[in-house]
Amino acid sequence: MTSTDPASHPALHHALHLERAHHDTCRAALAAMVEGAQEQVVTGEDVSASGADAEVLGFQLRSRAKEMRELPEGPLFFGRLDSATEEQTLHIGRLRISEHPAAPPLVVDWRAPVSRAFYQASARDPQGVAVRRRFGWAPGSTGDSADLTGLEDEHLAEGDDRAGSDIVLREIERPRLGPMRDIAATIQPEQDDLVRGDLRVSVCVQGAPGTGKTAVGLHRAAYLLYTHPQRIRRGGMLILGPNRTFLTYISQVLPALGETGVRQSTLQEEIARQSVTGEDGEWAARIKHDVRMSEVLRRALYARVCLGEGEGLVVPDGAYRWRVPVGELVRIVAGVRAEEPPYGVGRERVRARVVACVRAQAERREGPVPNSWVRRIERARAISAYVDAVWPRVRPEEVVAELLTNPVALAAAADGVLDADEQKAVLWNRPPRSWKSARWSAADLVLLDEVGGLIEHPEGYGHVVVDEAQDLSPMECRAIARRAAFGSLTVLGDLAQGTTPWAARTWGEQLAHLGRPDAAIVPLTTGFRVPEAVVGVANRLLGLLDVDVPASRSLRRDGELRVREAGSDDLLRAVVAAVRDALEREGSVGVIAADADVSWVRTALHAAGLDVAGPDDLGARVTLVPATLAKGLEYDHVVAVEPAAIAEAEERGMHRLYVVLTRAVSGLEVVHGRPLPF
């Protein structure tokens, strides 16, 4: 492998000069592409086409121009491939750059098929590559050619091995300040296999801390948008994260890869039919999140359907009266009910079949009838009144509110599903006058979404990426499954990091709730972020958790683990000292404590003259994070405060502690006054 130090090799110095010149050429070409995209918008406004076609074209041109303008600044390429069979050189970057659409590209998009060799080629399988070149850029570079500071060549035909790449290691290990970075330059072969997986195939990634599962999921989203733009954009792409702090942290990854039209949200935001103003006890919340509630809600909704009775239906038609016998009406309603369509669809099927019955009578009497007659009969007051009587229109809020306020209705729907104590637990203590004045809890929103899905299936997305999926309840999984009914899923998570009361213990069960029981489960166990010393502590804790997860390993031999013991009276001083020590090193510092301890830790740090930010301030040097918000975040140095308090704060506190201890990229210092729980 060629050295990356240009000063020690004149040939490398010359190569670096040529690469900087090529980057200047790429920068000029990109500027011309951006300007050209804007000119196309102006030209498209005067296009000769139908109004609808012109509108579609205009939207596409404006979207393209907007995407080009919003591309974040940064280096335009990070790698190069030299062919072993022909005189061909390809620079690999985050998007395709060319001086003219028909001209050979100056930079090839990392997602293009030809770029795959950059990630997969090896000395054992060169895949037609003679030399793979990696470029070293100054940290935080905005794309100035002078920031290209080094390069590294792997001569695959001569047996060079990627594992020795200094540039890759430096990129993985460099300090973490600000939002999450993309990993397009450092994707490993096993990660690349997941990124480029078939759109039609759902996949579950069981990723140990630091294995890059979140980055893999985001890059897979970018790859699918590039490879299947029409299919994905027709249905849309949805990225689901556990909370807004996490989404803020990952928000810049897709724009850096040239993709800006992706919805990034939390499940709570997706199902928020009502504002959350109420709160459940833990047991009530558990029951509402239990998959058994889906059957209770289904029964409660369809209990509103009745077969009808009386003398049948009379439909006025001018001076004539059409009659539908009660027996025929019962047969129609019972037939539709047995089919169990979405509730709203069932209403219209009943209407359509009653109208068909009337139409058959009319045609026997008078011959074929015009469509205008059929539409008039469909709107007939008698038919609408009958449909409302036997298959009433209903809102999800009405169904759930009645269920949670009416013990008789709940008992009927929950018979044989929930026992008496469970039924009593989910009933509202103070029933509202109507659903409009109800104080809905977070768990109630899951119930509302379930009923909404029973009434009318949501349109859904072409692909959904679900991160931290181990924390989803069965009912939350069902909400996601409805949104991916005709698409595919990328499920990301780590069973060892499951912290909710209903967190999954096996992926098989969780995938069944997500509607993908046959999805492949792919483990990632090689860590690129967490140093070996930190992984060792995490693996010790792993044995205390009730999950079947393989131990992970780290490629990083650097990093530091320190344990600082202090008496209860000296704990504050020990925390301050640990933060001061961390500030002497390069990079971000995350101070993580049990939620109940955050206030006094903040007071102690402020009293010591240390500036401390909250978890949403991504550019801060020192961040104080409640343990419940630490998931998915990472810091160069982590100060974990009183692990025993974190472990005792909740039912799955040991899992929460596992999360906290694996947020460190370079160094972990554990400060404790009580015995360590591991």
Side-chain angles (χ1 to χ4, degrees), residues 273-274 296-406 408-410 412-413 431-438 447-459 482:
R273 292 181 57 95
Q274 299 290 334
V296 175
L297 293 168
R298 187 192 66 80
R299 292 181 184 180
L301 174 62
Y302 285 97
R304 293 172 175 261
V305 175
C306 63
L307 297 181
E309 56 185 16
E311 299 179 356
L313 177 62
V314 178
V315 183
D317 182 16
Y320 198 78
R321 300 288 186 269
W322 303 107
R323 299 180 183 278
V324 184
V326 65
E328 181 66 14
L329 295 172
V330 169
R331 185 189 64 79
I332 288 173
V333 176
V336 174
R337 177 69 180 82
E339 295 166 6
E340 290 206 0
Y343 187 88
V345 174
R347 268 179 56 87
E348 296 312 309
R349 284 188 187 175
V350 169
R351 182 190 303 275
R353 292 179 189 182
V354 171
V355 170
C357 186
V358 174
R359 179 176 183 172
Q361 293 182 44
E363 291 183 340
R364 284 195 300 268
R365 176 183 173 88
E366 302 172 355
V369 296
N371 289 334
S372 58
W373 181 92
V374 174
R375 289 192 295 271
R376 180 164 54 81
I377 294 298
E378 285 176 342
R379 296 192 300 269
R381 184 177 301 176
I383 291 180
S384 294
Y386 173 75
V387 172
D388 286 340
V390 299
W391 204 294
R393 193 184 305 275
V394 67
R395 294 176 57 99
E397 288 83 354
E398 294 172 315
V399 176
V400 175
E402 181 180 11
L403 200 65
L404 301 183
T405 57
N406 187 334
V408 175
L410 178 59
R433 292 184 177 179
S434 74
W435 67 264
K436 294 181 180 180
S437 59
L447 306 184
L448 291 174
D449 193 76
E450 179 75 20
V451 177
L454 290 171
I455 293 174
E456 185 175 4
H457 293 326
E459 291 185 6
R482 285 189 289 275

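Note that the numbering runs from 1 along the sequence shown for the chain.
For Gly346 against Pro341, the heavy-atom pair with the smallest separation is CA-CG, 3.7 Å. When all heavy atoms are compared, the tightest approach of Val296 to Ala413 is O-CB, 3.6 Å. Contact record, Val324 with Cys357: CG1-SG, 3.9 Å, taken as the closest heavy-atom pair. Of all heavy-atom pairs spanning Thr405 and Pro432, the tightest one is CG2-CD, 3.8 Å.
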I'd like to know whether Leu404 forms a side-chain contact (heavy atoms from CB on, under 4.5 Å) with Leu410, so could you lay out the CA-CA distance, the side-chain angles of the two residues, the decisive distance to 0.1 Å, and finally the verdict. CA-CA 7 Å; Leu404 301 183; Leu410 178 59; 5.6 Å; no
Verdict with supporting geometry, Val394 and Leu301, side-chain contact (heavy atoms from CB on, under 4.5 Å): CA-CA 9 Å; Val394 67; Leu301 174 62; 3.7 Å; yes
Evaluation steps, side-chain contact (heavy atoms from CB on, under 4.5 Å), between Arg347 and Asp388: CA-CA 8 Å; Arg347 268 179 56 87; Asp388 286 340; 3.0 Å; yes
Begin from the C-alpha positions of Arg395 and Glu456 and carry the test salt bridge (charged side-chain N to carboxylate O under 4.0 Å, His left out) through to its verdict. CA-CA 11 Å; Arg395 294 176 57 99; Glu456 185 175 4; over 6 Å; no
Check step by step if side-chain contact (heavy atoms from CB on, under 4.5 Å) holds for Arg365 and Trp322. CA-CA 11 Å; Arg365 176 183 173 88; Trp322 303 107; 3.6 Å; yes
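A salt bridge is defined here as a Lys NZ or Arg NE, NH1 or NH2 lying under 4.0 Å from an Asp or Glu carboxylate O, and Glu328 with Arg331 meets this definition. Comment: Lys436 does not engage Glu397 in a salt bridge, judged by the lack of any side-chain N to carboxylate O separation of less than 4.0 angstrom. Between Glu402 and Arg304, at least one side-chain nitrogen of the basic residue sits less than 4.0 Å from a carboxylate oxygen of the acidic one, meeting the salt-bridge criterion. Salt-bridge check for Arg298 with Glu450: failed, with every basic side-chain N at 4.0 Å or more from each acidic carboxylate O.
Counted within 6.0 Å of CD on Glu459, heavy atoms from surrounding residues, nucleotides or ligands total 12 or fewer; the atom is thus considered open. Surrounding CD of Glu363 are more than 12 heavy atoms belonging to other residues, nucleotides or ligands, all under 6.0 Å away.
Between Leu313 and Val315 the shortest side-chain heavy-atom distance falls below 4.5 Å. Annotation: side chain of Ile455 is not in contact with side chain of Pro342 (no heavy-atom distance under 4.5 Å). At least one side-chain heavy atom of Arg482 sits less than 4.5 Å from a side-chain heavy atom of Asp449.
Ring orientation note: the planes of Tyr343 and Trp391 are tilted relative to one another, at an angle of 30° to 60°.
In terms of modelled atom types and a separation under 3.5 Å, the side chain of Trp435 and the main chain of Val400 share no donor-acceptor contact.
Arg349 CZ to Glu339 CD: the interatomic distance, rounded to the nearest 0.5 Å, is 5.0 Å. Of the inter-residue distances, the one linking Leu448 atom CG with Leu297 atom CG reads 9.0 Å to the nearest 0.5 angstrom.
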Expected list for residues 368-377: side-chain donor-acceptor pairs under 3.5 angstrom, two or more places apart:
| from | atom 1 | to | atom 2 | distance (Å) |
| --- | --- | --- | --- | --- |
| Trp373 | NE1 | Asp317 | OD2 | 3.1 |
| Arg376 | NH1 | Asp317 | OD1 | 3.1 |
| Arg376 | NH2 | Asp317 | OD1 | 3.3 |

Compile the donor-acceptor pairs under 3.5 Å between side chains in residues 378-386 and protein atoms, sequence neighbours left out, one pair per line.
| from | atom 1 | to | atom 2 | distance (Å) |
| --- | --- | --- | --- | --- |
| Ser384 | OG | Arg351 | NH1 | 3.1 |
| Ser384 | OG | Ala380 | O | 3.4 |

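Partners of Glu366 by salt bridge (Lys or Arg N to Asp or Glu O under 4.0 Å), not counting sequence neighbours: none found.
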